[in-house]
Amino acid sequence: MEAKEVVTITHVSGMHARASTKFVEIAQRFQSEVMISRDGVNEIDGKSVLGCLTLGVEIGHELHIRVSGPDCEECLTALLDLVRRNFDGV
Amino acid sequence: MELKKGIPVSPGIVIGQVFVLDTEEIRIPQRFIEKEEIDPELARFECAIVLAEKNLAREIKKVGKKIGVASQILEIHHQLLRDSILQSEIQKGIRENQYTAEYAVSRVLNRYIKQLQSMDSPIIAERIHDLYDIERLILNTLLGGRVETLQTLEESVVLIARNLTPSQAASLDPKLVTGFATDVGGKTSHTAIMARALGIPAVVALENISTSVAGGDVVIIDGFRGVVILDPDKRTLAEYRDKVQDVERVAIRLKKQIGLVSETIDGYSIDVKANIELPQEVHSAVSLGAAGIGLFRTEFIHLDSARPDEEFHFNHYRAVLRELGDQPLTIRTLDLGGDKSTDEFAFNEENPFLGCRSIRYCFSRPDVFRVQLRAILRASALGRVKLMIPMIGAVSELEKAQHMIEQVCEELQSEGIAYDPDIEIGMMVEVPSAAITADMFASRVKFFSVGTNDLIQYSLAVDRTNEHVAELYDPVHPAVLRLLVQTLDAAEKSEIDVSLCGEMGAEPLFLPLLVGLGFRCLSVTPQRIPEVKQVIRSIQVNEAARLADRCLAMCDGFAVTRELRDWSRQNLPDIGYVW
């Protein structure tokens, strides 16, 4: 089971620490493995705040999210929602 | 003796013994282990993480009550502590390279710190302290209290560090840590704001203070002037001991003012309110005798959260109102730009003070502005809220802002959300054009608040932070006085309230003049309230009015200052100028 999607970051400050923390908190609620990258190739663990930070995702960047596991669909939806809600303004 | 100059971020003077807090170089006793020790070492690391988590959870609980903003930062730390990448790489270091847990932690974290540093993103760079924090936290746990920490302090010290991380700053015990000085930092950094909230004198941006001192050295931290004196000589020490005594004496005397009414000798009541930027400051403002909050700056909300949503704003306003009870609260809409910017709002402008700042920025970002307006209006249902718009220079701007407020009111009405339909809307008078045409504005708002800091610098074309021209910054320049008179006259004719919220209003020297000109409401830094009250209680209004008339006739600001000084010497002999 795998689900993936590319989303454009519209949050003004990109994925800074608080945004990354939110992202990771949601990812960790699911069993599935979450891998993210900026180019679809150099993936890092989406359940790691440090990993998210090192990606250096800023406003306007594309974020590739690939989720694999039993609850991949729900997980992807939740993560995309968060990104589109601009990380709830954190 | 050596004197180092930095940026003063929290006032006060302290003489004390140094405690150097070193986050970057905790000494690691052993770097490698034998093969048989790998498994026990992995277990030791796991234990340390569990213990560190417990300590952090306790810290979050403790700090959460004291300082809300810090607990958010500690939540990030909590997440980092259990970070999957971090854990697996540290474990790998122990297993494959036979590193000690300490060495593995230090290596992995420092590699990531370097990587983040090289990313050239100011927002991420800010987070590097968080990684240092994590390193400190794990190493402290691993070394089992062999590291001297703030928690094990027994006598009072002044704290010197390269950079105080937010969680360190939040866990300071103001009884034991009596001041701090750091190599880096700025006026708007979390640390500086917390220092002010805790009331600890602090100087930042001292470049290399942390490597210039050793534990046990005696230093003087002067949070008024922004200097730290290392190894002070006898004369300097004596001088500063006197100053500390002065400050204490004045503080004791001023405390007696707190319960007294703010009234002149001849019975005119003068409202003294507080300028604040954090909900945490309300408590001390009220206990220092503030008759409400005359200026709640909302920039911090934006500095604290890259893009705060309506709830984030609303929660801040509600927190202030809760502490404040039925006292009035004037909320100023976002005043970013000029000297206050975040990475988020950093425009590349040649002349930021004449650029897209404050209400101009809000007009360029109606989405950001609306969020704040909605939150303020919602808060108006909970207490005596007034809404104040900064940097208005033309009637058309005022009308535009008012139109947006009306739209938001209609929105709330149609959504059935409560707000106060009679909320008072007023403006700052800080752009000279507004002061000159004050009569045109007075009929359109419920109140004026004169922001003298900007009014003076714009009228005189002087940046007071520029040392080459700072002496030209003259709050009692005849032009400034005339603008104040015009503003007061216009307010009186239209029967609207007028107050003054600039730093000028907290200066004992200027108070008789301001009262004499006709100001009956001032808003100042909370710590200055008792002193302001004391001066007010020594003023007689008719006499102050004559003093103001004499000053208005003078064509030279220095002559005005001399006049005011003479007057103060005669009428306020017991006011010490320690500031």
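Each chain gets a letter, A, B and so on, in the order the sequences are listed, and its residues count up from 1. Worth knowing before you read on, the calculation uses all heavy atoms, side chains too, and leaves out hydrogens, waters and symmetry mates.
Rounding to the nearest 0.5 Å gives a distance of 10.0 Å between OG of S84(B) and CD of E33(A).
Annotation: maximal heavy-atom pairing with chain A below 4.5 Å, among L131(B), V371(B), I85(B), occurs at I85(B).
By the ring pair (Phe, Tyr, Trp, His ring centres under 6.0 Å) test, Y112(B) is found to be paired with no residue, residues two or more places apart in sequence or in another chain being considered. Scanning for side-chain contact (heavy atoms from CB on, under 4.5 Å) contacts around E415(B) gives R374(B), E411(B), I417(B), with sequence neighbours left out.
Interface residues of residues 45-53 of chain A toward chain B, defined by a heavy-atom distance below 4.5 Å and sorted by number: D45(A), K47(A), S48(A), V49(A), L50(A), G51(A), L53(A). Residues of residues 56-80 of chain A placed with any heavy atom under 4.5 Å of a heavy atom in chain B are listed by number as G56(A), E58(A).
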